[in-house]
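Heads up: the structure comes next, in structure tokens.
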Amino acid sequence: MTIDPYSVCPCGSGKKYKFCKCVDQPAEYERIVRLMDGEQEIAALDRINTLLKKTPNAAWLLALRGELALRLNELELFRENSNRFQRLKPDNPLALIFKSMASNLDHEPISVVVQYLLEGLAESRDRIPMFTRDALLLLERRMVNEGVFYGISFWASLSRQINDEDERNVLSSPHINALLKGPPTKIPSPEDAAWAERLAEVGVLCRGIRFAQAETKLRAILRDYPDQPSLLSELLCIQLWIANAEAALSTARKLASLAVLTDEQRAEYMMLALELDTQGHSLHCQTFGKFYELSSDAEVDRILSENSHIDRIENPQLAEFERVKCGVIVGDEIPATEVFSVFDRPEGASELRSEVGSIALFKKQTDKPARILFRFLPMLGGADIARSILETLPLAEELEFPKAMAYVDYREALRRPRSRGQNGGGFNNEELGRNNLEIFLNFPFGCLNGQSPLEARGQVEKRPVLAGLLRHFEGEQGLGSEFDPYTAAYQELGMERPAGELLPDGKLARLADAARVDVSSMDNVQIANFLNHCMAYAMLHAGYQAAKEIVRRFQTEEEDKPDAHLLAFALIFLESQTIDLEEQLEVVTMLEECLANQGGEVGKAVVSKFRILIDLGRHEEAAQYFSAAFRKYPKDPVLFEIVASQMVQAQESENVQSLEDRIATSILEPRVKPISESGLVLPGQAEPASAQGESKLWLPGT
């Protein structure tokens with residue numbers, strides 16, 4: 001095999017092989033490439049190591065060695081090779097990309113990871129270095145895992161530009177606040193601004209991804225014009241992109257204090273300041289935490305089991321996770337023996353119960369006494385409930401409570417389990433929305449000095465912070481509901497809620513405006529684009545409103561009804577987001593009819609309806625329904641595959657289970673429950689990676 005002289009040099013410089021001339025042993029290069037193409041990675045690596053002993057500074061060998069280390073998942077070798085490569089070639093784009101990945105694997109600060117990645121992209125000029133996609137993916141995962149969402153919109157946008165064939169979209173996570181899924185608002189400069197020419201130079205540097213130089217130049221301009229909103233907003237964007245949280249916090253606070261800005265602009269910058277203030281715990285509250293030795297554990301399990309506020313965590317996977325987590329919290333290698341959720345209302349209460357705390361029980365070990373760990377929110381009566389439980393237990397010595405777990409984020413409180421207990425029945429989306437509102441209004445925020453929004457309303461000095469909190473709450477779009485908790489929050493706090501801005505095609509001018517837009521004023525084209533836009537960015541509350549409006553229009557006598565495809569899209573979304581089983585049944589019944597009328601595949605809708613009927617305890621009806629559906633749609637590929645596969649297994653198996661029972665078992669095995677963290681699967685796209693238990697949206701033909 002002859003190497004193409006006009007191919008890119010393996011050293012990562014970006015130059016053509018013919019002009020780089022760093023490969024002084026072309027025959028060896030061809031040999032190694034043949035081994036790598038033949039998937040003989042170990043042999044190729046051995047050959048490279050032999051050559052490196054003779055020429056230890058050969059960049060092309062280090063580049064290929066790094067690639068092989070990644071292929072073989074030899075992470076320690078990759079780290080060592082990356083550090084060596086970057087020291088040898090500090091301006092080499094590939095060396096810098098490798099160094100970014102190695103820094104990520106070593107859990108260096110995200111700002112350091114970003115620095116190397118940006119330098120690699122800047123040095124690459126017009127050619128994207130190899131492994132940039134992998135470096136971006138590592139960075140995105142790290143940011144999501146650590147909850148570092150500021151600046152993530154830039155990296156997600158860059159990732160999509162580089163990997164236009166890749167359908168991954170980190171911004172489709174419902175756990176990222178909508179305000180953080182787009183860049184912060186930039187304040188335009190006056191037309192006759194004295195700094196216009198210098199600011200244009202900053203723009204050139206940003207387009208070249210040389211953000212460090214751009215920040216330096218901007219700071220120089222700000223020395224002459226220190227309070228100019230346009231310059232500060234430009235600086236804020238750069239600081240977010242380079243993950244300089246401390247500097248971005250200072251800039252956001254300054255922008256939030258500028259009287260020349262509108263109240264809405266100041267609220268947005270205040271919201272960013274609250275998000276960035278992790279050390280000050282602006283969006284957190286201090287938990288009520290206690291850790292005790294028990295004088296006896298004989299009665300503890302009975303006492304906890306008999307308390308109507310306490311439920312043992314029965315789900316095996318969740319219980320195991322909590323048991324291990326509690327062991328880590330107290331520094332014990334052995335997980336907790338039992339874990340319990342504690343709710344603000346007793347089991348069987350007519351109102352929705354919210355989890356306000358948890359209890360972990362550690363039974364007696366050879367070298368340790370029995371112990372009990374309490375973690376409670378100081379809201380919705382959590383601390384009082386905890387104290388009342390403590391009074392009933394045989395407690396001994398109080399142990400030091402792990403300070404690292406002394407704070408909880410209000411978003412965690414919004415996502416805590418809700419129930420009515422084992423005998424209290426289910427709940428619906430509207431109740432969850434009202435419950436989220438109750439949690440937000442009563443949460444003792446650090447930025448309010450431990451006061452809740454309800455306690456702080458009417459205090460003039462705290463109105464700017466309340467405006468920022470309300471903006472942040474609006475961005476928490478992880479729950480679809482007809483009830484609008486965001487408007488209700490503004491009303492409860494006596495503050496005016498601005499309207500959202502919608503572009504003519506139905507897309508949002510700003511993602512954060514999704515919850516503010518009036519969907520009833522849109523035409524069908526606009527509402528279709530709006531719903532798709534909401535789904536792409538997991539703005540589930542706004543999407544739920546749009547889907548409900550589409551169904552409402554279809555059921556009326558209006559002339560301009562949505563077409564059947566749009567109705568199916570709306571119904572599929574509603575089925576995935578609706579919690580109440582009876583509502584799900586109504587939606588999926590309508591979906592089956594809609595798909596059948598347009599000649600689409602109904603199998604997935606039939607399977608969904610079957611599962612819902614089982615969950616409702618209507619087993620006989622479920623079996624009769626599936627049999628009737630198969631007779632009605634015998635050519636549907638989903639239904640035909642289920643029946644055919646079970647018929648084959650019935651013939652091959654000695655199991656006397658009936659065919660109907662086999663079909664029911666095969667359908668129920670996956671047990672996919674609709675939850676809010678769904679992904680959207682459009683025709684021609686691969687299904688996005690999802691956590692176990694997530695549901696998928698699908699469209700006819702996928």
Side-chain angles (χ1 to χ4, degrees), residues 8-17 19-25 28-29 32 36 41 44-45 47-143 151 155 158-159 162 205 208-216 241-244:
V8 180
C9 182
C11 74
S13 65
K15 297 179 183 179
K16 298 288 194 295
Y17 172 65
F19 303 112
C20 191
K21 299 185 182 302
C22 79
V23 181
D24 54 359
Q25 302 175 72
E28 289 289 356
Y29 175 33
I32 292 169
M36 293 175 68
E41 285 89 356
L45 185 58
R47 190 60 195 161
I48 288 172
N49 288 334
T50 299
L51 293 172
L52 278 172
K53 292 177 182 178
K54 300 176 183 178
T55 55
N57 294 332
W60 69 278
L61 289 171
L62 291 173
L64 293 175
R65 189 170 180 248
E67 179 178 349
L68 285 167
L70 286 174
R71 283 197 197 183
L72 297 168
N73 201 31
E74 294 285 350
L75 299 184
E76 196 56 45
L77 174 62
F78 178 74
R79 291 187 183 96
E80 178 272 323
N81 189 82
S82 299
N83 293 332
R84 181 175 170 184
F85 191 11
Q86 196 267 331
R87 286 195 302 269
L88 175 66
K89 296 288 184 181
D91 297 328
N92 182 293
L94 182 58
L96 290 163
I97 297 298
F98 277 170
K99 180 62 177 176
S100 170
M101 297 171 71
S103 298
N104 224 334
L105 294 171
D106 288 334
H107 293 283
E108 292 190 46
I110 287 179
S111 57
V112 174
V113 176
V114 164
Q115 175 191 340
Y116 286 121
L117 182 51
L118 288 172
E119 288 178 6
L121 291 170
E123 292 295 337
S124 65
R125 298 176 180 87
D126 60 344
R127 185 182 296 276
I128 301 298
M130 290 178 60
F131 295 99
T132 298
R133 174 187 181 278
D134 303 88
L136 286 169
L137 180 58
L138 270 178
L139 175 60
E140 287 179 5
R141 284 179 178 172
R142 171 92 178 274
M143 295 177 85
W155 293 105
L158 183 61
S159 181
I162 292 174
L205 290 170
I209 317 185
R210 298 189 180 276
F211 294 134
Q213 295 95 313
E215 182 184 22
T216 300
W241 296 338
I242 64 176
N244 189 341

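We use all heavy atoms of the structure for the numbers below, so side chains are in, but hydrogens, waters and symmetry mates are not. Residue numbers start at 1 and run along the sequence shown. In this text the structure is predicted, and so the values were computed from the model without any measurement.
One finds the CG atom of Leu139 at 11.0 Å from the OG atom of Ser103 (value rounded to the nearest 0.5 Å). Taking CG of Leu61 as the reference point, atom CZ of Phe85 lies at 10.0 Å (rounded to 0.5 Å). Taken to the nearest 0.5 Å, the CE atom of Met101 stands 10.0 Å off from the CG atom of Leu136. Going from atom CG of Leu77 over to atom CG of Leu68 covers 9.0 Å, rounded to the nearest 0.5 Å. Taking CG of Leu75 as the reference point, atom CZ of Arg79 lies at 5.5 Å (rounded to 0.5 Å). Atoms OG and CH2, on Ser13 and Trp60 in that order, are 14.0 Å from each other to the nearest 0.5 Å.
Looking at residues two or more places apart in sequence or on another chain, you find a salt bridge (charged side-chain N to carboxylate O under 4.0 Å, His left out) between Arg47 and Glu28. Legend: residues meeting side-chain contact (heavy atoms from CB on, under 4.5 Å) with Pro56, ordered by chain and number and at least two apart, are Arg84. Not counting sequence neighbours, the partners of Phe211 by the ring pair (Phe, Tyr, Trp, His ring centres under 6.0 Å) test are Phe154, Trp241.
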side-chain contact (heavy atoms from CB on, under 4.5 Å) for Asp134 and Ile97? Distances and angles first, verdict last.
CA-CA 9 Å; Asp134 303 88; Ile97 297 298; over 6 Å; no

Assess whether side-chain contact (heavy atoms from CB on, under 4.5 Å) is satisfied between Ser111 and Asn244, documenting all intermediate values.
CA-CA 6 Å; Ser111 57; Asn244 189 341; 5.9 Å; no

Show, in sequence, the C-alpha distance, side-chain angles and deciding distance for Asn49 and Leu45, and conclude whether the side-chain contact (heavy atoms from CB on, under 4.5 Å) test is met.
CA-CA 6 Å; Asn49 288 334; Leu45 185 58; 3.9 Å; yes

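Tested against Phe78 for a side-chain contact (heavy atoms from CB on, under 4.5 Å), the candidates Asn83, Leu72, Leu70, Asn73 yield a single pass: Leu70.
Residues Glu80 and Glu74 have side chains not in contact (no heavy-atom distance under 4.5 Å, counting atoms from C-beta outward). Within the 4.5 Å cutoff, the side chain of Leu52 has heavy atoms near those of the Leu62 side chain. Side-chain contact between Leu158 and Leu121: present, with at least one pair of heavy atoms (C-beta onward) separated by less than 4.5 Å. Residues Leu117 and Leu96 fail the side-chain proximity criterion, which asks for heavy atoms closer than 4.5 Å. Side-chain contact between Glu119 and Lys99 is absent, with no heavy-atom pair separated by less than 4.5 Å.
By the neighbour-count criterion of 12 heavy atoms within 6.0 Å, atom CZ of Arg141 is sparsely surrounded, having that number or fewer from other residues, nucleotides or ligands.
The shortest non-hydrogen separation linking Val114 to Ala243 is CG2-CB, 4.2 Å. Nearest heavy-atom pair, Pro93 versus Pro129, reported as atom, atom and distance to 0.1 Å: CB-CG, 3.7 Å. Considering all non-hydrogen atoms of both residues, Lys89 and Ala95 come closest at O-CB, 3.6 Å. Of all heavy-atom pairs spanning Pro10 and Leu94, the tightest one is O-CD2, 4.2 Å. Looking at every heavy atom in both residues, Arg142 comes nearest to Glu108 through NH2-O, 2.6 Å.
Note: Phe98 and Tyr116 fail the aromatic proximity criterion, with ring centroids not under 6.0 Å apart.
A donor-acceptor contact shorter than 3.5 Å is absent between the side chain of Arg65 and the backbone of Ile48. Listed for the Asn104 side chain is no donor-acceptor partner under 3.5 Å among the backbone atoms of Val113.
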